[in-house]
Asks: 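Would you mind keeping the following structure in view while I ask a few things?
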Amino acid sequence: MKTRFYALGLGVAFLVAGILGFIPAFLTPPMNMPLRIEAGHGLLFGYFPVNVLHNAVHLVFGVWGVVVWRSFMASRGYARTVAIVYGVVTIMGLIPVLSTVFGMMPVYGYDVWLHGLIAVVSAYFGYASITAVEGTDIPRH
């Protein structure tokens, strides 16, 4: 049950972040970090760098999380994928030449640490061992 509600909660959080990233009132001017896609480039809440592509990725992961929350196996697969993708993006954000994901979307500053936290928590929900319900092969969730 916890993994399912994690997928739902993370999905909703991604949806909110993705939507707010498109609203100029929540953005401040970005750091001097040139991108190929400058549309919507700014710092969400003054801390987290975003642009339209970054916001679109948040929306995709958000919709995915909301869609899969009804199934434990799908939620666990979602958490595992989020852990891997966000882990890779975190590492990319730590390497200066890759901190804009090949110039397409910003991943630097506080975004790196937030993505790292998301990756670690998602790894817990995606890979933590689960015990089966006694006498069946059905995982306890």
Side-chain angles (χ1 to χ4, degrees), residues 1-134 136-141:
M1 185 93 84
K2 294 175 187 175
T3 302
R4 289 181 39 232
F5 285 107
Y6 175 73
L8 178 63
L10 187 61
V12 169
F14 275 137
L15 284 172
V16 169
I19 291 167
L20 292 178
F22 285 110
I23 302 172
F26 293 102
L27 299 176
T28 59
M31 302 165 104
N32 188 16
M33 191 71 80
L35 295 173
R36 291 182 188 155
I37 301 175
E38 286 289 335
H41 189 201
L43 298 174
L44 183 61
F45 303 123
Y47 293 104
F48 305 104
V50 295
N51 68 353
V52 293
L53 184 57
H54 200 140
N55 294 330
V57 169
H58 285 155
L59 292 175
V60 167
F61 274 95
V63 168
W64 186 15
V66 170
V67 167
V68 302
W69 86 274
R70 300 191 81 195
S71 162
F72 169 74
M73 295 302 288
S75 296
R76 187 169 70 168
Y78 170 76
R80 287 178 175 182
T81 303
V82 169
I84 292 167
V85 170
Y86 274 75
V88 168
V89 171
T90 298
I91 292 167
M92 289 176 73
L94 295 171
I95 302 169
V97 72
L98 298 176
S99 67
T100 60
V101 188
F102 309 107
M104 303 300 280
M105 65 181 188
V107 182
Y108 54 82
Y110 291 107
D111 228 15
V112 175
W113 307 113
L114 179 59
H115 288 163
L117 177 65
I118 291 169
V120 168
V121 175
S122 294
Y124 170 77
F125 283 101
Y127 293 100
S129 63
I130 57 171
T131 56
V133 175
E134 257 182 64
T136 70
D137 291 331
I138 301 170
R140 184 181 300 159
H141 27 135

Asks: Search all heavy atoms of F125 against all heavy atoms of T3 and return the closest pair with its distance.
Replies: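 In terms of heavy atoms, the two residues are closest at O-OG1, 3.5 Å.
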Asks: For residues L94 and V112, report the shortest heavy-atom separation together with the two atoms involved.
Replies: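 Closest pair (atom of L94, atom of V112, distance): CD2-CG1, 3.6 Å.
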Asks: Please list all pairs meeting ring pair (Phe, Tyr, Trp, His ring centres under 6.0 Å) that have one or both residues in residues 80-112, counting only residues at least two apart or in different chains.
Replies: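 Checked against ring pair (Phe, Tyr, Trp, His ring centres under 6.0 Å) - neighbours excluded - the pairs reaching residues 80-112 are F14-Y86, Y47-Y110, F61-Y86, Y86-H115.
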Asks: Please check this pair: side chain of N51 against backbone of P106, looking for a donor-acceptor N/O pair closer than 3.5 Å.
Replies: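 Judged by distance alone, no pair lies under 3.5 Å.
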Asks: Considering residues at least two apart in sequence or located in another chain, which fulfil the side chain to side chain donor-acceptor pair (under 3.5 Å) criterion with H58?
Replies: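 H58 satisfies side chain to side chain donor-acceptor pair (under 3.5 Å) with H54 once adjacent residues are dropped.
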Asks: Go through the structure and list residues passing side-chain contact (heavy atoms from CB on, under 4.5 Å) with R80, not counting sequence neighbours.
Replies: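 If we apply the side-chain contact (heavy atoms from CB on, under 4.5 Å) test to R80, skipping adjacent residues, the hits are R76, Y127.
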Asks: Residues in side chain to side chain donor-acceptor pair (under 3.5 Å) with S75, at least two apart?
Replies: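 Partners of S75 under the side chain to side chain donor-acceptor pair (under 3.5 Å) test: none.
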Asks: With a 3.5 Å distance limit and no angle check, can you tell me whether N55 reaches the backbone of G21 through a side-chain donor-acceptor pair?
Replies: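 Yes.
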Asks: Using side-chain contact (heavy atoms from CB on, under 4.5 Å) as the criterion, list what pairs up with V67, not counting sequence neighbours.
Replies: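 In terms of side-chain contact (heavy atoms from CB on, under 4.5 Å), with neighbours along the sequence ignored, V67 is linked to V63.
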Asks: Name all residues meeting the side-chain contact (heavy atoms from CB on, under 4.5 Å) criterion together with L20; count only those two or more places apart in sequence or in a different chain, and write none if there are none.
Replies: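 Applying side-chain contact (heavy atoms from CB on, under 4.5 Å) to L20 gives V16, I23, F26, L44, F45.
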Asks: Looking only at heavy atoms, what is the nearest atom pair of A79 and S122, with distance?
Replies: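 Taking A79 first and S122 second, the nearest heavy atoms are O-CB, 3.4 Å.
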Asks: What's the spacing between R4 CZ and W69 CH2 if we round to 0.5 Å?
Replies: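 It comes to 5.5 Å.
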Asks: Which atoms form the tightest heavy-atom contact between A74 and V68, and what is the distance?
Replies: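 What the structure gives for the nearest pair is CB-CB, 3.7 Å.
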Asks: To the nearest 0.5 Å, what is the distance between CG on L27 and CZ on F22?
Replies: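 If we round to the nearest 0.5 Å, L27:CG and F22:CZ are 10.0 Å apart.
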